[in-house]
Engineer: 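Handing you this structure, nothing more for now.
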Amino acid sequence: MAENQNLESLQTPGAVFFIFGATGDLAKRKLFPAIYSLYREGKLAEDFAVIGVARRPRTQEEFREDVYNSIQEFCRYKVKDNEEFKSFAQHFEYKSLDINNVDGFRELDEQTKVLEERFHIPGNRIFYLALAPELFGSVSFNLKKGGMLEGAGWKRLVIEKPFGYDLKSAEELNEQIRQVFKEEEIYRIDHYLGKEMVQNIEVIRFANAFFEPLWNNKHIANIQITLSETVGVEERGGYYDHAGALRDMGQNHMLQMLTMVAMEPPSRLLPEDIRDEKVKVLRSLRPYSNAEEVKNNVVRGQYVQGSSRGRDLPAYRDEDKVDPQSSTETYFMARVFVDNFRWAGVPFYIRTGKRLPVKTTEVVVEFKNMPNNVYLGQKHNLEPNLLVIRVNPMEGIYVKINAKKLGSESEIEPLAMDFCQSCMVGINSPEAYERLLHDAARGDSTYFTRWDEVASAWSFVDRIAEAWRQDAEGPCHYPAGSWGPKEADQLLEENGFHWWPVNGQDEDNVVWQLSK
Ligand SMILES: NC(=O)C1=CN([C@@H]2O[C@H](COP(=O)(O)OP(=O)(O)OC[C@H]3O[C@@H](n4cnc5c(N)ncnc54)[C@H](OP(=O)(O)O)[C@@H]3O)[C@@H](O)[C@H]2O)C=CC1
Ligand SMILES: O=C1O[C@H](COP(=O)(O)O)[C@@H](O)[C@H](O)[C@H]1O
């Protein structure tokens with residue numbers, strides 16, 4: 001716990017950040033901008049250094065220019081003052097190194113010591129692996145062999161997803177890493193956990209007297225979690241065709257969001273207590289016991305040619321680096337049950353897909369209808385109350401209630417009580433990576449996934465993947481730009497429900513217009 005002493009303090013302790021994969025896409029689009037934002041907000045201690053590591057040659061000047069360009073293109077703060085940027089950039093160095101070359105790590109250690117001395121950094125080191133997972137094991141071993149984990153200060157490993165391809169490969173990967181790092185030194189990124197509104201789910205639930213007492217199967221009819229994307233696979237066809245929506249989004253982001261919605265209140269607001277509650281949810285997921293159950297509760301889809309906003313969109317099979325005969329799913333939807341006291345009988349409908357009509361992440365909590373509402377219910381066919389948590393790109397919460405229509409004697413209409421956070425802070429809301437880097441540097445592992453969470457999520461997902469593997473039918477097809485296979489709607493209809501429109505979907509609906 002000594003490491004976690006300054007969880008509450010805003011500024012990170014002095015440390016060297018190593019970005020392995022410093023010439024890659026993630027570093028450029030997310031990591032350098034996140035470090036700069038922390039710096040601009042005064043959250044980064046003066047005694048910091050960043051060492052970018054990758055194979056291709058780069059002079060220090062070229063590397064600093066890469067960082068500058070990445071900030072100007074992707075950061076929510078732009079460089080306006082060149083002197084200020086110069087003083088920031090002097091903390092950045094580059095090391096050309098092949099992960100498999102242990103001598104390179106010894107040289108890296110020497111370079112690090114010089115920087116630690118120059119900036120008075122007390123030996124704390126964070127190794128961020130923005131690399132293909134196949135390299136995670138080698139990096140860990142070579143960090144140790146190269147002497148980079150010795151000396152004073154803490155050492156932490158931050159790793160990107162995907163964490164394995166299934167439970168077996170994830171276990172192998174974990175074993176390799178654990179030969180070098182202890183569990184509490186490993187920070188497994190799930191960037192959805194760094195999103196403002198995902199973190200807000202806990203607060204909305206546990207800090208409001210009118211939500212928590214209702215947060216159970218007595219009052220909630222169903223919960224819908226949507227992570228829809230308008231993009232296709234872009235340049236990542238090679239990776240995606242191997243992974244698919246179930247592994248790319250389902251195993252991690254979707255199940256993590258479900259745990260945040262469904263977990264019990266932790267006894268203390270400490271990382272381990274929160275993660276204990278989350279893993280209990282994952283263990284309570286009702287497993288699909290055979291292929292038939294998977295078929296009855298899970299839908300997989302793949303987009304075919306379609307259009308959106310007047311633009312023709314190609315079929316998934318025609319995307320770059322995708323097998324023309326591919327049966328990889330680009331859409332995944334499941335009806336999930338959490339078999340515990342609180343949630344018995346409440347369906348959670350979770351869905352994600354590429355090339356859907358809008359980009360949005362939302363949680364919709366549909367409450368049960370008022371019991372015995374003889375007078376109002378019979379006369380008016382009341383709509384259920386909804387609580388909508390908007391995660392991305394709009395951030396905010398929205399409650400739908402029934403109220404008397406203004407000026408009318410007996411008419412009732414649904415009204416929206418809308419808090420639009422992003423309307424207030426606009427684009428200045430901190431990025432997920434910014435928050436997670438800040439947390440990792442302060443030793444706060446709350447919003448990182450612990451190994452038992454990862455393993456439980458894979459156990460659940462593996463059964464689906466296995467059933468699909470044996471199913472010759474393949475995914476249902478849906479036109480790019482549509483809401484996915486109609487089979488997904490049927491799963492809700494079987495229970496007397498329907499998907500509620502997500503933000504941006506139903507422009508004509510009065511309730512949703514109120515929230516614009
Ligand atoms: N990009 C994104 O938005 C997201 C990425 N991720 C994950 O993050 C990781 C990185 O992704 P991304 O940045 O897109 O990948 P890229 O392919 O863009 O970058 C990979 C990086 O790894 C370096 N590299 C590859 N092999 C070696 C080696 N043997 N030794 C040293 N460096 C090496 C490359 O540099 P060089 O060629 O110069 O050696 C490059 O800097 C992956 O695990 C990905 O799944 C997760 C979520 C989102
Ligand atoms: O991890 C991933 O997430 C992105 C979506 O992230 P978001 O923050 O833009 O919602 C997804 O496009 C990608 O396929 C996946 O690997």
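Whatever order the structure lists ligands and atoms in, that order sets their numbers, starting from 1. A quick note: this is a predicted structure, and the numbers were derived from the prediction, not measured.
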Engineer: List the closest protein heavy-atom neighbour of atom 5 (C) of ligand 2: residue, atom name, distance to the nearest 0.1 Å.
Structural biologist: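 Going by distance alone, atom 5 (C) of ligand 2 is nearest to E229 OE1, 3.6 Å.
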Engineer: What is the nearest protein non-hydrogen atom to atom 13 (C) of ligand 2, stated with its residue, atom name and distance?
Structural biologist: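 Answer for atom 13 (C) of ligand 2: R236 NH1, 3.3 Å.
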Engineer: For the pair K278 and E202, find out whether any cationic side-chain nitrogen is under 4.0 Å from an anionic carboxylate oxygen.
Structural biologist: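 Salt bridge absent between K278 and E202.
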Engineer: For atom 3 (O) of ligand 2, what's the nearest protein heavy-atom neighbour? Residue, atom name and distance, please.
Structural biologist: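 Heavy-atom neighbour on the protein nearest atom 3 (O) of ligand 2: H191 CE1, 3.4 Å.
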Engineer: Closest non-hydrogen protein atom to atom 48 (C) of ligand 1, residue and atom name please, with distance?
Structural biologist: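 Scanning the protein heavy atoms, the shortest distance from atom 48 (C) of ligand 1 goes to L26 CD1, 4.0 Å.
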Engineer: Can you confirm if the NZ or CZ of R247 lies within 45° of the ring axis of Y165 and under 6.0 Å from the centre of its six-membered ring?
Structural biologist: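 Yes; both conditions hold, so R247 lies above the ring face of Y165.
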Engineer: In terms of atom number and element, which parts of ligand 1 are under 4.0 angstrom from non-hydrogen atoms of D98?
Structural biologist: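 Heavy-atom distances to D98 below 4.0 Å select 29 (N), 30 (N).
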Engineer: Is there a side-chain contact between F163 and T449, using heavy atoms and a 4.5 Å cut-off?
Structural biologist: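 When only atoms from C-beta onward are counted, T449 and F163 do not touch, as no gap falls below 4.5 Å.
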Engineer: Decide yes or no on salt bridge (charged side-chain N to carboxylate O under 4.0 Å, His left out) for E160 and K30, but give the supporting numbers first.
Structural biologist: CA-CA 12 Å; E160 266 298 339; K30 301 289 181 188; over 6 Å; no
Engineer: Are R178 and W451 in a cation-pi contact, defined as NZ or CZ under 6.0 Å from the six-membered ring centre and within 45° of the axis?
Structural biologist: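 No cation-pi geometry.
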Engineer: Starting from atom 14 (O) of ligand 2, which protein heavy atom do you reach first, and at what distance in Å?
Structural biologist: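 The protein heavy atom lying closest is D248 OD2, 2.6 Å.
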Engineer: State whether Y192 and K195 meet the cation-pi test: NZ (Lys) or CZ (Arg) under 6.0 Å from the six-membered ring centroid, and within 45° of the perpendicular axis.
Structural biologist: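 Geometry flag: set, cation within 6.0 Å and 45°.
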Engineer: Could you list the atoms of ligand 2 found under 4.0 angstrom from a heavy atom of K195?
Structural biologist: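 Reading through ligand 2 atom by atom, the close ones are 7 (P), 8 (O), 10 (O).
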Engineer: Can we call the ring centroids of Y36 and F88 under 6.0 Å apart?
Structural biologist: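 Yes, ring centres under 6.0 Å apart.
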Engineer: State whether the number of non-hydrogen atoms from other residues, nucleotides or ligands found under 6.0 Å of E73 atom CD is greater than 12.
Structural biologist: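 Not buried by this count: 12 neighbours or fewer within 6.0 Å.
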Engineer: Determine the interplanar angle of the F127 and F18 rings, folded into 0 to 90°, and report it as parallel if under 30°, tilted if 30 to 60°, perpendicular if over 60°.
Structural biologist: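 Parallel, since the angle between the ring planes stays under 30°.
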Engineer: Would you say Y288 and V336 make side-chain contact, with heavy atoms under 4.5 Å?
Structural biologist: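 Answer yes - side chains close enough.
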Engineer: Should you measure from each heavy atom of H253, which atoms of ligand 2 turn up under 4.0 Å away?
Structural biologist: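 By the 4.0 Å cutoff, the relevant atoms are 1 (O), 2 (C), 3 (O).
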Engineer: Show the atoms of ligand 1 that are less than 4.0 angstrom away from any heavy atom in A130.
Structural biologist: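 In order of number, 9 (C), 10 (C), 21 (C).
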Engineer: Tell me the nearest of E160, E134, H191 to atom 6 (N) of ligand 1, using heavy-atom distances.
Structural biologist: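 The option holding the nearest heavy atom is E160.
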Engineer: Any Lys/Arg nitrogen of R188 or E183 sitting under 4.0 Å from an Asp/Glu carboxylate oxygen of the other?
Structural biologist: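 Result for this pair is yes, salt bridge flagged.
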Engineer: Compute the centroid of each ring, for F32 and then for F63, and state whether the two points are separated by less than 6.0 Å.
Structural biologist: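 They qualify: ring centres under 6.0 Å apart.
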Engineer: Number the atoms of ligand 1 from 1 as they appear, then name those within less than 4.0 Å of a heavy atom of K161, with their elements.
Structural biologist: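 That gives atoms 7 (C), 43 (O), 44 (C), 45 (O), 46 (C) of ligand 1.
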Engineer: For A22, take its heavy atoms, then give the atoms of ligand 1 lying under 4.0 Å from any of them.
Structural biologist: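 Heavy-atom distances to A22 below 4.0 Å select 41 (O).
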Engineer: Which ligand 1 atoms does L97 reach within 4.0 Å, using its non-hydrogen atoms?
Structural biologist: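 What qualifies from ligand 1 is 30 (N), 31 (C).
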Engineer: At a 4.0 Å threshold, what atoms of ligand 2 neighbour a non-hydrogen atom of K161?
Structural biologist: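 Checking each atom against K161, I get 1 (O), 2 (C), 15 (C), 16 (O).
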Engineer: Side chain, backbone, both or neither: which applies to R29 and ligand 1 if a contact is any heavy-atom pair less than 4.0 Å apart?
Structural biologist: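 The answer is the side chain.
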Engineer: Does only the side chain of Y192 get under 4.0 Å from ligand 2, or the backbone, or both, or neither? Count heavy atoms.
Structural biologist: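 For Y192, the contact with ligand 2 is made by the side chain alone.
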Engineer: Short N/O distance, under 3.5 Å, between I99 and ligand 1?
Structural biologist: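 N/O-N/O distance below 3.5 Å exists for this pair.
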Engineer: Hey, does R275 have a side-chain heavy atom less than 4.5 Å from the side chain of S445?
Structural biologist: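 A side-chain contact under 4.5 Å exists here.
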Engineer: Tell me: protein heavy atom nearest atom 27 (C) of ligand 1, and distance?
Structural biologist: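 Answer, as residue, atom name and distance: R55 NE, 3.4 Å.
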Engineer: Tell me: protein heavy atom nearest atom 9 (O) of ligand 2, and distance?
Structural biologist: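 Among all protein heavy atoms, the one nearest atom 9 (O) of ligand 2 is K359 NZ, 3.0 Å.
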Engineer: Set out, in order, the CA-CA distance, both residues' side-chain angles and the distance that settles salt bridge (charged side-chain N to carboxylate O under 4.0 Å, His left out) for D109 and K113, then state yes or no.
Structural biologist: CA-CA 6 Å; D109 192 42; K113 283 177 180 153; 3.2 Å; yes
Engineer: Among all protein heavy atoms, pick the one closest to atom 1 (N) of ligand 1 and tell me residue, atom and distance.
Structural biologist: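 Here the closest protein heavy atom is D25 OD2, 2.7 Å.
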Engineer: For atom 40 (C) of ligand 1, which candidate among I19, N100, T23, I159 holds the nearest heavy atom?
Structural biologist: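 Comparing heavy atoms across I19, N100, T23, I159, the nearest one to atom 40 (C) of ligand 1 lies in T23.
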Engineer: Which atoms of ligand 1 sit under 4.0 Å from any heavy atom of P133?
Structural biologist: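 Answer, ordered by atom number: 43 (O).
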Engineer: Which residue holds the protein heavy atom closest to atom 42 (C) of ligand 1, what is that atom called, and what is the gap in Å?
Structural biologist: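 Result for atom 42 (C) of ligand 1: L131 O, 3.4 Å.
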Engineer: Taking heavy atoms and a distance under 4.0 Å, where does L135 meet ligand 1: side chain, backbone, both or neither?
Structural biologist: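 The answer is the side chain.
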Engineer: For the backbone of L157 and the side chain of E185, can you confirm whether one donor and one acceptor N or O come within less than 3.5 Å of each other?
Structural biologist: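 Looks like no, no N/O pair under 3.5 Å.
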Engineer: Going by the closest heavy atom to atom 19 (O) of ligand 1, which one wins out of G21, G24, P162, S96?
Structural biologist: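 Checking each option, the heavy atom nearest atom 19 (O) of ligand 1 is found in G24.
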Engineer: Verify, without hydrogens or angle tests, whether D418 (side chain) and Y398 (backbone) share a donor-acceptor contact under 3.5 angstrom.
Structural biologist: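 Checked: no pair found.
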Engineer: I'd like to check which ligand 2 atoms, numbered from 1 as shown, lie under 4.0 Å from a non-hydrogen atom of K354.
Structural biologist: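 Checking each atom against K354, I get 11 (C), 12 (O), 13 (C), 14 (O).
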Engineer: For atom 38 (O) of ligand 1, what is the closest protein heavy atom, and at what distance to 0.1 Å?
Structural biologist: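 It is R56 NE, 2.6 Å.
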